[in-house]
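Throughout, protein chains are lettered first and strands after them, A, B, ... in sequence-line order, and every chain is numbered starting at 1. Every value quoted in this text rests on a predicted model; they were computed, and no experiment measured them.
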Amino acid sequence: MANWLLKTEPSVYAFEELVRDKKTAWDGVANNLALIHLRAMVPGDRALVYHTDDERAAIGTAQVTSKPYADPNAGDPKLVVVDVKPVKKLPRPVTLAQMKANPKLEGFELFRNSRLSVVPVTDTQWDLIVAMSQT
DNA sequence: GCCAACGTTGGC
DNA sequence: GCCAACGTTGGC
């Protein structure tokens with residue numbers, strides 16, 4: 001079991017839409033490293049949903065509900081997706097600025113490679129971010 | 001197979 | 001709106 005952070009542009013597909021849809025295939029990932037992470041996912045993995053653009057904050061949690069599979073809407077079998085379902089909206093969003101200001105999150109892959117859309121999250125980082133959302 | 005040029009992403 | 005970082009493409 002692992003934890004991940006999934007980036008999305010709220011103008012394209014926001015967490016609220018996932019809540020509304022109940023589940024979705026997390027598609028649109030083309031970056032190779034991000035695809036490697038996707039292929040490493042197993043059902044039950046947890047994910048933080050993070051909004052880019054103006055929000056720049058983790059907004060909710062989700063769960064991986066399927067194994068990785070080839071994106072049925074893409075011709076390329078290398079492009080994989082997983083199904084995710086919403087778990088809950090965070091009590092309050094945790095902004096990128098807050099995360100960066102927390103010395104315990106130093107070295108977070110999200111900062112190291114800001115352009116990666118699927119980012120691994122350690123248990124410690126997960127717990128910290130969830131705790132930060134409650135304060 | 002290398003690398004310069006170019007495009008895209010995301011943070012500021 | 002700008003720019004840094006990174007990935008991809010295409011010519012050689």
Side-chain angles (χ1 to χ4, degrees):
Chain A
M1 267 253 277
N3 316 299
W4 310 95
L5 180 145
L6 297 172
K7 285 190 193 176
T8 185
E9 297 176 54
S11 58
V12 176
Y13 193 84
F15 183 72
E16 290 77 10
E17 292 175 77
L18 176 60
V19 172
R20 184 199 61 205
D21 293 347
K22 306 282 200 296
K23 83 169 215 180
T24 194
W26 202 264
D27 61 8
V29 176
N31 175 278
N32 201 255
L33 181 53
L35 285 169
I36 288 169
H37 291 324
L38 272 185
R39 283 192 218 102
M41 291 186 187
V42 295
D45 278 2
R46 300 182 294 183
L48 277 167
V49 177
Y50 174 90
H51 281 179
T52 58
D53 293 342
D54 289 344
E55 294 188 40
R56 263 168 278 140
I59 184 155
T61 59
Q63 190 168 18
V64 176
T65 61
S66 77
K67 291 184 181 176
Y69 59 97
D71 185 347
N73 298 314
D76 188 345
K78 290 218 181 294
L79 297 179
V80 296
V81 299
V82 292
D83 290 340
V84 299
K85 69 172 185 188
V87 174
K88 64 168 189 175
K89 191 166 178 163
L90 292 174
R92 51 178 57 194
V94 180
T95 66
L96 181 65
Q98 287 175 288
M99 290 190 258
K100 282 194 165 170
N102 189 332
K104 290 178 183 164
L105 287 174
E106 199 181 343
F108 191 14
E109 185 71 11
L110 181 66
F111 314 149
R112 211 187 59 74
N113 184 357
S114 68
R115 297 190 47 204
L116 189 62
S117 57
V118 181
V119 181
V121 178
T122 67
D123 287 341
T124 307
Q125 290 164 345
W126 179 281
D127 290 343
L128 269 168
I129 294 165
V130 169
M132 286 167 77
S133 80
Q134 287 158 352
T135 56

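- What separates CG of A/Leu116 from C1' of C/dA4 is a distance of 16 Å, to the nearest Å.
- Contact check for A/Asn3 versus A/Asp123: side-chain heavy atoms found under the 4.5 Å cut-off.
- The NE2 atom of A/His51 sits 17 Å away from the P atom of B/dT9 (whole-angstrom rounding).
- The distance from the CH2 atom of A/Trp26 to the CG atom of A/Leu38 is 10.0 Å, given to the nearest 0.5 Å.
- Proximity of A/Val121 to A/Phe108: side-chain heavy atoms (C-beta onward) are separated by under 4.5 Å at one or more points.
- The CG-C1' distance, from A/Leu33 to B/dG10, rounds to 16 Å in whole Å.
- Put simply, CZ on A/Phe111 is 22 Å from P on B/dT9, counting in whole angstrom units.
- Within 6.0 Å of the CD atom in A/Glu106, the count of heavy atoms belonging to other residues, nucleotides or ligands does not exceed 12.
- Picking from C/dA5, B/dG10, B/dG11 the nucleotide with the shortest atom distance to the side chain of A/Ser117 gives B/dG10.
- Going from atom CZ of A/Arg112 over to atom C1' of B/dG10 covers 16 Å, rounded to whole Å.
- A/Asn31 places its CG atom 10 Å from the P atom of B/dG10, with the value rounded to the nearest Å.
- Remark: P of C/dA5 and CG of A/Asn113 are 12 Å apart, rounded to the nearest angstrom.
- Distance check, rounded to the nearest 0.5 Å: CG of A/Asn32 to CD1 of A/Ile36 gives 4.5 Å.
- Rounding to whole angstrom units, CD of residue A/Glu109 and C1' of C/dC6 are separated by 13 Å.
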Residues 76-91 of chain A side chain polar contacts: donor-acceptor under 3.5 Å, at least two apart:
| from | atom 1 | to | atom 2 | distance (Å) |
| --- | --- | --- | --- | --- |
| A/Asp76 | OD1 | A/Lys78 | N | 2.9 |
| A/Asp83 | OD1 | A/Tyr69 | OH | 2.5 |
| A/Lys89 | NZ | A/Glu16 | OE2 | 3.2 |

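- Applying a 4.0 Å cut-off to non-hydrogen atoms, the residues of residues 52-60 of chain A that approach DNA chain B are A/Arg56, listed by residue number.
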